[in-house]
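Input: a single structure, listed below in structure tokens.
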Amino acid sequence: MKHYLIAIACLACAMAACAKPQCQGFNNYDDKVTIVFTDEDAGRSYSVSDVKLKTSGKEYSATSVKATLKNGVATVTLTFPHLTRFSNPKVTMRVNGKKAKLKVCQ
């Protein structure tokens with residue numbers, strides 16, 4: 001029983017250590033959609049690829065992806081084509097090669 005409790009505690013710590021990006025901003029100005037995410041536990045390198053926006057039953061590829069890293073905090077700015085309708089938007093992407101699915105703040 002003691003081993004199970006230790007294993008569960010280790011698993012909880014490992015899950016807490018795996019921070020994921022959080023939505024910081026969303027706008028639909030200047031004929032484009034811009035979404036900004038930050039990841040406060042980015043480490044030394046941060047790469048983003050395969051970025052898609054899913055909303056209203058459709059999927060859109062990013063037209064621009066810009067990631068900056070400063071003091072272990074990554075800021076990712078994603079740009080998509082101009083859209084007029086949003087329904088429960090989500091972004092899927094690869095962060096350092098791992099799949100991530102994130103809700104977009106509105």
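Throughout, numbering of the chain's residues begins at 1 and tracks the sequence.
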Requested in this report: Group every Ile, Leu, Val, Met, Phe, Trp and Tyr by side-chain heavy-atom contacts under 4.5 Å, then state whether F86 and I35 land in the same group.
Outcome: yes
Query raised in the report: Do the side chains of L83 and F37 join up, straight or via other hydrophobic residues, at under 4.5 Å, putting them in one cluster?
Result: yes
Testing the basics here: between [X] and [Y], what is the closest heavy-atom pair and its distance to 0.1 Å?
{"X": "L102", "Y": "P21", "value": "CD2-O, 3.6 Å"}
{"X": "V95", "Y": "A100", "value": "CG2-CB, 4.2 Å"}
{"X": "L53", "Y": "P89", "value": "CD1-CB, 4.1 Å"}
{"X": "L78", "Y": "V91", "value": "CD1-CG1, 3.9 Å"}
{"X": "V76", "Y": "Y46", "value": "CG2-CE2, 3.7 Å"}
{"X": "P81", "Y": "S61", "value": "CD-O, 3.8 Å"}

To the nearest 0.5 Å, what is the distance between [atom1] on [X] and [atom2] on [Y]?
{"X": "T92", "Y": "K101", "atom1": "OG1", "atom2": "NZ", "result": "8.0 Å"}
{"X": "M93", "Y": "S47", "atom1": "CE", "atom2": "OG", "result": "11.0 Å"}
{"X": "N96", "Y": "S45", "atom1": "CG", "atom2": "OG", "result": "5.0 Å"}

Report task. Under the salt bridge (charged side-chain N to carboxylate O under 4.0 Å, His left out) rule, collect the residues that match up with K52, sequence neighbours excluded. Result -> none
Requested in this report: Quick one: which residue pairs count as a salt bridge (charged side-chain N to carboxylate O under 4.0 Å, His left out) with a foot in residues 58-76, not counting sequence neighbours?
Outcome: K54-E59
Query raised in the report: Taking only residues two or more places apart in sequence or in another chain, which ones pass side-chain contact (heavy atoms from CB on, under 4.5 Å) with A62?
Result: V51, V65, F80
Query - CA sep, side-chain torsions, deciding dist, call: Y60, T55, side chain to side chain contact (heavy atoms under 4.5 Å, CB included) - result: CA-CA 8 Å; Y60 304 90; T55 185; 4.0 Å; yes
Query raised in the report: Is there any side chain to side chain donor-acceptor pair (under 3.5 Å) pair reaching into residues 71-85, and which pairs are they, with sequence neighbours excluded?
Result: N28-H82
Requested in this report: Scan for side chain to side chain donor-acceptor pair (under 3.5 Å) pairs involving residues 29-38, sequence neighbours excluded, and state none if there are none.
Outcome: Q24-T38
Query raised in the report: Taking everything shown except K103 itself, do over 12 heavy atoms lie less than 6.0 Å from its NZ?
Result: no
Query raised in the report: Would you call V33 and F26 a side-chain contact if the rule is heavy atoms closer than 4.5 Å?
Result: yes
